Undergrad: 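My questions will all concern the structure given below.
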Amino acid sequence: MLDLKLIRQKPDWAKQKLAERQIDPKEIDDLLELDARRRKLIIETETLKKQRNEVSKEIAQVKRNKGNADEQIAEMKNVGSQIKDLDAQLEVLNENVRYILVRLPNYPDDSVPVGKDDTTSREERKVMTPRKFDDFEPQAHWDIGEKLGILDFKRAAKVSGSRFVYYKGLGARLERAIYNFMLDEHQKEGYEEILPPYLVNNDSMFGTGQFPKFTDDTYTVLDEENPLTLIPTAEVPLTNYYRDDILDESQLPVYFTALTPCFRSEAGSAGRDTRGLIRMHQFNKVEMVKYVKPETSWDELEKLTADAEEILQKLKLPYHVITLSSGDASFTSAKTYDLEVWMPEQKTYREISSCSNCTDFQARRAKIRYRDADGKLHYVHTLNGSGLAVGRTVAAILENYQNADGSVTIPEVLVPYMGGVTKITGEK
RNA sequence: GGAGAGUUGGCAGAGUGGUAAUGCACCGGACUCGAAAUCCGGCGAACCCUUAACCGGGCGCGCAGGUUCAAUUCCUGUACUCUCCUCCA
């Protein structure tokens, strides 16, 4: 959520920044007009409330002396109904202001390339050179996985539907090896391991910015009075951990990491990545979340991204880093680096991690603050990044480490996590 | 799932219709070479409006409604915590 006071003070700047995110400047004009009416009403109703408080004191005094206060009571009855009326009007205006405000995305940082979609993202660096497949055509990971008997999409479709998968045998083992490896690495970098709830309430979904705009992408369960949503990412329970809390300055920065399943309905993505592990309704992801002081958040974003890159480097998977353009970054993000891993069969880089600095945007929604040495309150800055999407990592390993005979070599760092297995051959 | 109790400022803890005691903590001062103890004074959350700022005002007793001139107090709903029962992994 954006700071309404800042919009009030620098409306032209806000309009320009939000225009980079395809927001019509008229929205800001509407917002400011509603806000002006709102503030005018506040003054009116508070003036009446002050009067009510004063006269009520008089009434109390008169009553104590067994006097007659009928006149004042009649007067206050009138004032009371005026207040009720004005407050009702005010509530409508508050809702209208809020309706716009909670749907405005974060301001893009000045270092973010301006553009409306993924064609305008900026490549920062390429790391490692994709392997050459001179002696055979690289297979798609779903073909490799099915032939090796470690992935079963067909039966998952029977049991659940499309975009689900069974991992079997060494496939399941590989998934487990990967996320254990990732969690261990992040722990070494100072992230505290968390195992959070996978079902969260609406306040949490609002806090991290999924609600109210992106309800369609999620799965909601249970009855209407107490709806819970299956987390689309561990960012939600990790960032809401300190919702409505005031931290002490000495507690910052806080680093969390968690492995969780993620559930996404992927509404509107029909026809994209219909095969394989790339786009699933349920997938595992190791997530990193940080709560930091505002002045450090840009350095922390670089470190966070480096921590995610470290995983790819240790797995020896070629990737590149791109900065998403202003129109392509997520709702809550001021700046996002995507890590895209090389997929040999598609001969292209595919997203495997997304690292964002959300500045104070989520902190303001979720009321996450800290008290400085002078006792003053500030919003923290929150960051999150995948480190990494586990299913996509499996896909990348299957494709990059495949051999001509259809077997797949296990990346060296994972061998200890595979109980010494160095190659998946499909033989039992 | 059932029964009961609770939720008040950083913490503890009063307050059953007249607008939030008190203690600890905290800040300032006195005393002291200094500190502790003691004494005096002050502040008591967050949020909103107003202001250049101070001041001022509103709001505020888990949350949301209702009754009333007036609600921490009465009514309704609800969340969470604790205890007991039931069930269960």
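Lettering follows sequence order; numbering is per chain, from 1. What you are looking at is a predicted structure, and each value in this text was computed from that prediction instead of being measured. What you see below is based on every heavy atom in this structure, not just the backbone, and it leaves out hydrogens, waters and symmetry mates.
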Undergrad: Tell me whether A:R365 forms a cation-pi arrangement with A:F331, defined as NZ or CZ under 6.0 Å from the six-membered ring centre and within 45 degrees of its axis.
TA: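 Relative to the ring axis of A:F331, which defines the angle, A:R365 lies outside at least one limit.
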Undergrad: Any strand is fair game: report the nucleotide pairing with B:rG44 by Watson-Crick or G-U wobble, both distances under 3.5 Å, or none.
TA: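 Partner of B:rG44: none.
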Undergrad: Under 4.0 Å, counting only non-hydrogen atoms across every strand here, what does A:K5 touch: a base, just sugar-phosphate, or nothing?
TA: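 Sugar-phosphate contact only - A:K5 comes under 4.0 Å of backbone atoms but never of a base.
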Undergrad: Can you tell me the base-pairing partner of B:rA71? Count Watson-Crick or G-U wobble geometry only, both distances below 3.5 Å, and say none if there is no partner.
TA: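 Its partner: none found.
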Undergrad: Hunt down the Watson-Crick or G-U wobble partner of B:rC87, both distances under 3.5 Å, from any strand shown, or write none.
TA: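 With both distances under 3.5 Å required, B:rC87 matches none.
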Undergrad: For A:A396 versus A:M343, what's the shortest heavy-atom pair and its separation?
TA: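 Taking A:A396 first and A:M343 second, the nearest heavy atoms are CA-SD, 3.7 Å.
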Undergrad: What's A:L377 touching, base or sugar-phosphate or nothing? Going by heavy atoms closer than 4.0 Å.
TA: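 A:L377: backbone/sugar contact only, no base atoms under 4.0 Å.
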Undergrad: What interatomic distance, in whole Å, is found between P of B:rG66 and the corresponding atom of B:rU73?
TA: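 Going atom to atom, P in each nucleotide, I get 14 Å.
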Undergrad: Closest nucleotide of RNA chain B for A:A60 versus for A:I43: which of these residues is on the 5' side?
TA: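 The residue closer to the strand's 5' end, by nearest nucleotide, is A:A60.
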Undergrad: Tell me which nucleotide, if any, is Watson-Crick or G-U wobble paired with B:rC54 when both distances must be under 3.5 Å.
TA: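 The answer is none; no pair meets the criterion.
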Undergrad: Both distances below 3.5 Å, Watson-Crick or wobble geometry, any strand: find the nucleotide opposite B:rU38.
TA: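 B:rA30 is the nucleotide pairing with B:rU38.
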Undergrad: Between A:R369 and A:L4, who's closer to the 5' end of RNA chain B by nearest nucleotide?
TA: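 Final value for this comparison: A:R369.
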Undergrad: Before giving the answer on salt bridge (Lys or Arg N to Asp or Glu O under 4.0 Å), spell out for A:D29 and A:K15 the whole-Å C-alpha distance, their side-chain angles and the decisive distance to 0.1 Å.
TA: CA-CA 9 Å; A:D29 288 328; A:K15 282 183 205 173; 2.8 Å; yes
Undergrad: For A:C262 and A:P232, which heavy atoms make the closest approach, and how far apart are they?
TA: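 Distance-wise, the nearest heavy atoms are CB-O, 3.2 Å.
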Undergrad: Quick one: do A:D118 and A:S121 satisfy side-chain hydrogen bond (donor to acceptor under 3.5 Å, both in side chains)? Show the steps, please.
TA: CA-CA 5 Å; A:D118 58 4; A:S121 61; over 6 Å; no
Undergrad: For B:rC26 versus B:rA5, give the span between their P atoms, rounded off to a whole number of Å.
TA: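 B:rC26 and B:rA5 have their P atoms separated by 38 Å.
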Undergrad: For atom P, what is the distance between B:rG6 and B:rU22, given to the nearest Å?
TA: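 Each nucleotide's P atom is 25 Å from the other's.
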Undergrad: Hey, is CD on A:Q251 packed in by over 12 heavy atoms from elsewhere, all under 6.0 Å?
TA: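 Above 12, so yes.
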Undergrad: Give me the one residue out of A:D360, A:T359, A:T332 that meets side-chain hydrogen bond (donor to acceptor under 3.5 Å, both in side chains) with A:N106.
TA: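 One option only clears the test, and that one is A:T359.
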Undergrad: Roughly how many Å apart are B:rU83 and B:rA64, using the P atom of each and rounding to a whole number?
TA: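 The answer is 28 Å between these two P atoms.
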Undergrad: Measuring only the P atom in each nucleotide, how far is B:rU8 from B:rG29? A whole number of Å is fine.
TA: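 So the two P atoms sit 34 Å from each other.
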Undergrad: Look through every strand shown and name the nucleotide pairing with B:rG4 as Watson-Crick or G-U wobble, where both distances are under 3.5 Å.
TA: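 When the pairing criteria are applied, B:rC82 turns out to be the nucleotide that pairs with B:rG4.
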Undergrad: Is A:R8 near enough to B:rC49 that one of its side-chain N or O atoms lies under 4.0 angstrom from OP1 or OP2?
TA: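 True: A:R8 side-chain N/O within range (under 4.0 Å) of B:rC49 OP1/OP2.
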Undergrad: Counting primed atoms plus P, OP1 and OP2 as sugar-phosphate and everything else as base, spell out the protein contacts along nucleotides 52-70 of chain B at 4.0 Å heavy-atom distance: B, S or - for each nucleotide, 5' to 3'.
TA: -----BSS-------S-BS
Undergrad: Tell me which nucleotide, if any, is Watson-Crick or G-U wobble paired with B:rA64 when both distances must be under 3.5 Å.
TA: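 The base-pairing partner of B:rA64, which may sit in any strand shown, is B:rU76.
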Undergrad: Need the pair for B:rA14. Rule: Watson-Crick or G-U wobble, both distances under 3.5 Å, any strand; none if unpaired.
TA: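 B:rA14 is paired with nothing.
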